[in-house]
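Okay, structure first, notes after.
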Protein chains: 2
Amino acid sequence: MTETIRLPKSAPSGIQRIADMLRLLEGTLPIQRRIVRTGDSVYQAGQAFGCLYVVNSGFFKMVNLSDEGREQVVGLHFKGDWLGLDGIAAGHYGCDAVAMDTGEVWAIRYDALLKAALGAPALLTALHEAMSRELVRDHDSLLSLCTLPADARVAGFLRYWADALAQRGLRTDQITLHMTRAEIGNYLGMTLESVSRGLSRLARCDVIHFIEKGRRDIRIPKVEALTSFIQHLMAPMEAAALH
Amino acid sequence: MTETIRLPKSAPSGIQRIADMLRLLEGTLPIQRRIVRTGDSVYQAGQAFGCLYVVNSGFFKMVNLSDEGREQVVGLHFKGDWLGLDGIAAGHYGCDAVAMDTGEVWAIRYDALLKAALGAPALLTALHEAMSRELVRDHDSLLSLCTLPADARVAGFLRYWADALAQRGLRTDQITLHMTRAEIGNYLGMTLESVSRGLSRLARCDVIHFIEKGRRDIRIPKVEALTSFIQHLMAPMEAAALH
DNA sequence: CGTTCATTTGAGAAACCTCAAGATTGGTGG
DNA sequence: CCACCAATCTTGAGGTTTCTCAAATGAACG
């Protein structure tokens, strides 16, 4: 039995999995590379679905727009993530995919992907895992939104961001949020002022530090401290739950 | 060009699509039928992933549980929906799938599905569309949660429920919520008291009516009235948005 | 017919939002 | 290099929504 060492099963360190997937895509599919700059849309809500996009570099926000004009950031995506998955069923994209930085996406025709998948099942696995991970992420977002107070959601956001970087082999002790307070607030279901207050409180508690000149750069000495900060905030609520 | 009649492409009336899919599954895959009763779990969070489940009857809630014990209903599922999709990537299910009524699910081994899909691409389409629809639904939930006040979320919930029934060819003028106020509140990110107040207000405005004896049965004379009720609640906020 | 659970409703408290004023930053042009 | 502008961010004070707590009502079950 090869049960002794089974890490590779579902966690080849993240960075390895992403690199493998990108190589697989390059090797088996016709890919259209596309450079985007901050603010560019990869696609827009309502546009006819045809391609999926895989992030090669940069990062992206998904913006859902209601009929009445309400806007909601429903997801953030980094290297190795797939964009446009919500367009498969409806036949058109459900959100705007907006670049938050200069980056590169690989456009993959969905019909070509399906055809190629018959000969290379690993492609299917990659696609399914991408969709499944996004579902898990959405569920976690919902959990945070509904069960955590504002300050804890801010801490959770930083932890999410740090985890995303860590999975991709990047440093997490010093991160740059390429989002305004307003964008973060929209994503977290609160106002930009609440985000600002939350970050200030985190800094006051020494959980994070602002790097001088510019409050977009944040130092996180210990990522675990974010988790214990959240639990610290929840402690009074647990007490209340016991009647 | 066959552009004149292209409704069948992505909208074969819902009920037809679901019936076709169930027939397809029956015809091409080994299926394990399983009857569940109210409160039964189809699977639980953390359990090793192996099967996907398709709802044949009844309906189900997906409950996400955090490490610290916070609970969150992250989805509701009806006939034709797939359960367990969030387990594909992680190798274990992410939520508890709990029956809200007596029902039947069809267990399908994921590996068998992948194998069969090579010979019957329609299976792949069905799976992908199910995942894609769930992503769209999650994004819409997030939008409602973050941008609508409590009463509007309650109205939106009823509209969602009515739409789900309509897609399955069921009557929508009279619906029975098999959920407690507490469960609805959890799903909508509010307390059970707020749900109760929201429903009372909807009844006071004649948007809904309680059918005598038991407040689980609701009459919705006009589903469109729910939409205009939401817009009515948002009107003051739009005015504020213009500074 | 009593017990239990779900629901409704009210009153006060708390979290968060709104509004407003200053502070900081980055970019632009003199 | 410096001054200025626009955009972003911070912080405070007060208002509003929603939550919490409590009590009463209604329905379901044995």
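This structure is a prediction, so every number in the text was calculated from the model and none was measured.
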Would you find more than 12 non-hydrogen atoms of other residues, nucleotides or ligands less than 6.0 Å from B:Gln32 atom CD?
no

Determine: side-chain N/O of B:Arg181 to OP1/OP2 of C:dA6, distance under 4.0 Å, yes or no.
no

Check this one for me: any side-chain N or O of A:Thr180 less than 4.0 Å away from OP1 or OP2 of D:dA7?
no

Mind calculating the distance between CE (B:Met179) and P (C:dT7) to the nearest angstrom?
11 Å

Heavy-atom count around B:Arg33 CZ within 6.0 Å, excluding the residue itself: above 12?
yes

Numerically ordered, the residues 190-198 of chain B set in heavy-atom contact under 4.0 Å with DNA chain C is B:Leu192, B:Glu193, B:Ser196, B:Arg197

Please check the phosphate of C:dT25 (OP1 and OP2 only) for any side-chain N or O of A:Arg216 closer than 4.0 Å.
no

Just to be sure I understand the rule, does B:Gly189 reach a base, reach only the sugar-phosphate, or reach nothing, if contact means heavy atoms closer than 4.0 Å?
sugar-phosphate

Check the orientation of A:Tyr160 and A:Tyr187. Use parallel for under 30°, tilted for 30 to 60°, and perpendicular for over 60°.
tilted

Find the distance B:Leu177:CG to D:dA27:P and express it as a whole number of Å.
17 Å

Tell me every residue that passes side-chain hydrogen bond (donor to acceptor under 3.5 Å, both in side chains) with A:Trp106, counting only those two or more places apart in sequence or in another chain.
A:Glu104

Identify, residue by residue, the members of residues 142-154 of chain A with a heavy atom below 4.0 Å from DNA chain D, and return them in order of residue number, or none.
none

Kindly say if B:Arg215 contacts the phosphate of C:dA6, meaning a side-chain N or O under 4.0 Å from OP1 or OP2.
no

